[in-house]
Amino acid sequence: MQLMEPFATYLDFKSGTLTPGTTVIQRRLSHMRGMYLDTAAYNRIMQEEGDRLIYEVYTVDLAEEAGQVLHCTTILYPGKVGDEFHMTKGHYHALRNRGEVYLGLEGQGYLLLQLEDGTVRSVPMQPGTAAYVPPYWAHRTVNVGDTPFIFFAAWPGDSGHDYGTIERMGFAKLMIERDGQPVLVENPRYRSG
Ligand code: M6P
Ligand code: ZN
């Protein structure tokens with residue numbers, strides 16, 4: 001590994017932007033095709049409103065290698081697709097025995113975690129919540145409020161992102177709005193194994 005100079009980036013707690021020296025990724029509804037349960041709602045939004053911005057990730061530019069500590073902010077915009085709250089794609093780490101730490105900065109959300117046997121856990125997050133993603137758990141966040149849900153994350157540099165497993169199988173549970181409240185329900189489309 002190359003010896004590096006120490007450096008700092010600036011995190012705006014209110015907006016969630018992390019600058020400079022970061023790469024910004026925008027995830028739009030079309031990037032999540034097939035992930036929301038209500039396909040009719042997905043199609044209606046795409047037709048009537050266009051390709052809605054769901055979330056943005058500001059990642060500090062670092063090599064994805066052992067020894068580094070990657071870190072980023074995520075700004076997850078409020079909204080729903082049908083009854084299902086806006087969420088991130090979610091991923092396992094390619095190296096499964098790598099964990100992650102989240103720190104809530106703004107808004108109200110949930111961290112959903114899942115093992116490969118379909119076991120799901122949820123952790124409510126608000127400003128100040130330091131949530132731990134232990135090794136082996138896939139992780140996805142959900143915005144259940146009506147303002148942006150913003151959090152900071154840090155994880156080992158050699159973790160890697162495995163999106164394919166979640167794209168194929170989904171999460172076993174979904175966070176939907178029922179009678180004005182967020183509730184976790186079984187995902188009828190979840191495929192185990
Ligand atoms: C968190 C971290 C990032 C991740 C981001 C968005 O900030 O876990 O590594 O990229 O959430 O989630 P996803 O990559 O699953 O879309
Ligand atoms: Zn991760």
Side-chain angles (χ1 to χ4, degrees), residues 9 11-13 15-19 21-36 51-66 68-79 81 84-116 120-127 129-144 148-175 187:
T9 43
L11 199 175
D12 185 303
F13 282 144
S15 67
T17 60
L18 189 60
T19 53
T22 51
T23 299
V24 188
I25 294 173
Q26 294 195 324
R27 296 265 194 237
R28 294 184 176 276
L29 187 57
S30 65
H31 301 135
M32 302 184 73
R33 190 155 176 260
M35 290 191 148
Y36 290 95
D51 199 0
R52 181 191 285 183
L53 181 61
I54 308 284
Y55 61 104
E56 295 178 285
V57 182
Y58 286 71
T59 306
V60 174
D61 296 325
L62 285 167
E64 293 195 25
E65 61 185 16
Q68 304 287 1
V69 180
L70 301 179
H71 49 293
C72 75
T73 53
T74 301
I75 304 161
L76 179 51
Y77 293 101
V81 178
E84 199 174 355
F85 290 104
H86 280 184
M87 61 188 180
T88 57
K89 291 176 73 158
H91 60 272
Y92 288 94
H93 288 154
L95 295 185
R96 293 288 197 265
N97 62 351
R98 299 293 191 269
E100 189 157 343
V101 176
Y102 283 3
L103 176 63
L105 300 175
E106 276 290 330
Q108 304 292 323
Y110 276 87
L111 167 61
L112 300 186
L113 305 106
Q114 168 166 293
L115 291 173
E116 287 187 88
V120 172
R121 298 283 183 262
S122 69
V123 177
M125 285 186 67
Q126 60 182 26
T129 304
Y132 186 52
V133 178
Y136 301 103
W137 292 84
H139 34 294
R140 159 179 284 170
T141 46
V142 184
N143 185 344
V144 297
F149 170 45
I150 301 172
F151 62 97
F152 178 83
W155 66 99
D158 59 353
S159 304
H161 287 75
D162 168 11
Y163 291 105
T165 306
I166 297 296
E167 279 164 5
R168 278 195 308 280
M169 324 250 273
F171 257 69
K173 293 192 178 178
L174 308 172
M175 189 67 83
N187 176 4

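We count ligands from 1, going down the list as the structure has it; atoms in each ligand are counted the same way. Numbers here simply count residues along the sequence, with the first being 1.
- Remark: minimum distance from atom 5 (C) of ligand 1 to any protein heavy atom is reached at Thr74 OG1, 3.6 Å.
- There is no side-chain donor-acceptor pair under 3.5 Å between Thr17 and Asp12.
- In this structure, the protein non-hydrogen atom closest to atom 14 (O) of ligand 1 is Tyr163 OH, 2.4 Å.
- In this structure a side-chain-to-backbone donor-acceptor pair under 3.5 Å is present from Thr88 to Thr141.
- Looking at Arg28, its side chain does come within 3.5 Å of a backbone N or O of Asp51 through a donor-acceptor pair.
- Ranking protein heavy atoms by distance to atom 12 (O) of ligand 1, first place goes to Thr88 CB, 3.7 Å.
- Of all atoms in ligand 1, numbered sequentially from 1 with element shown, those under 4.0 Å from a heavy atom of Gly90 are 15 (O).
- Contact between Leu29 and Ile54 at its shortest, heavy atoms only, is N-CG1, 3.7 Å.
- From the protein, the heavy atom lying nearest to atom 4 (C) of ligand 1 is His91 CE1, 3.9 Å.
- At least one heavy atom of Phe151 sits less than 4.0 Å from an atom of ligand 1.
- Ring planes of Tyr102 and His139: perpendicular class, angle over 60° (limits at 30 and 60°).
- Screening the protein for N, O or S atoms under 2.8 Å from the Zn ion (ligand 2) yields 4; no waters enter the count.
- Looking only at side-chain heavy atoms (C-beta outward), Arg98 and Trp155 stay at 4.5 Å or farther from each other.
- Atom 9 (O) of ligand 1 has its closest protein heavy atom at His161 NE2, 2.8 Å.
- Proximity to Tyr102 (heavy-atom distance under 4.0 Å) selects the following atoms of ligand 1: 1 (C), 2 (C), 8 (O), 11 (O).
- Taking only nitrogen or oxygen atoms, main chain and side chain alike, Thr73 does not reach within less than 3.5 Å of ligand 1.
- Interface of Cys72 with ligand 1, defined as ligand atoms under 4.0 Å from a residue heavy atom, comprises 3 (C), 7 (O).
- When side chains are defined from C-beta on, Leu95 counts as touching Asp158, because their heavy atoms get closer than 4.5 Å.
- The heavy-atom pair separating Glu100 from Ala153 by the smallest distance is OE2-CB, 3.7 Å.
- Distance alone, capped at 3.5 Å, is enough to place a donor-acceptor pair between the Asn187 side chain and the Phe171 backbone.
- When non-hydrogen atoms are compared, ligand 1 lies under 4.0 Å from the side chain of Glu100 (C-beta onward) but not from its backbone.
- Remark: Arg27 qualifies as a cation-pi partner of Tyr163 under the 6.0 Å distance and 45° angle criteria applied to the six-membered ring.
- Between Val60 and Thr22, the closest side-chain pair of non-hydrogen atoms falls below 4.5 Å.
- Among all non-hydrogen protein atoms, the one lying nearest atom 16 (O) of ligand 1 is Tyr55 OH, 2.4 Å.
- Although no hydrogens or angles enter the test, the distance criterion places a donor-acceptor pair under 3.5 Å between the side chain of Tyr55 and the main chain of Lys89.
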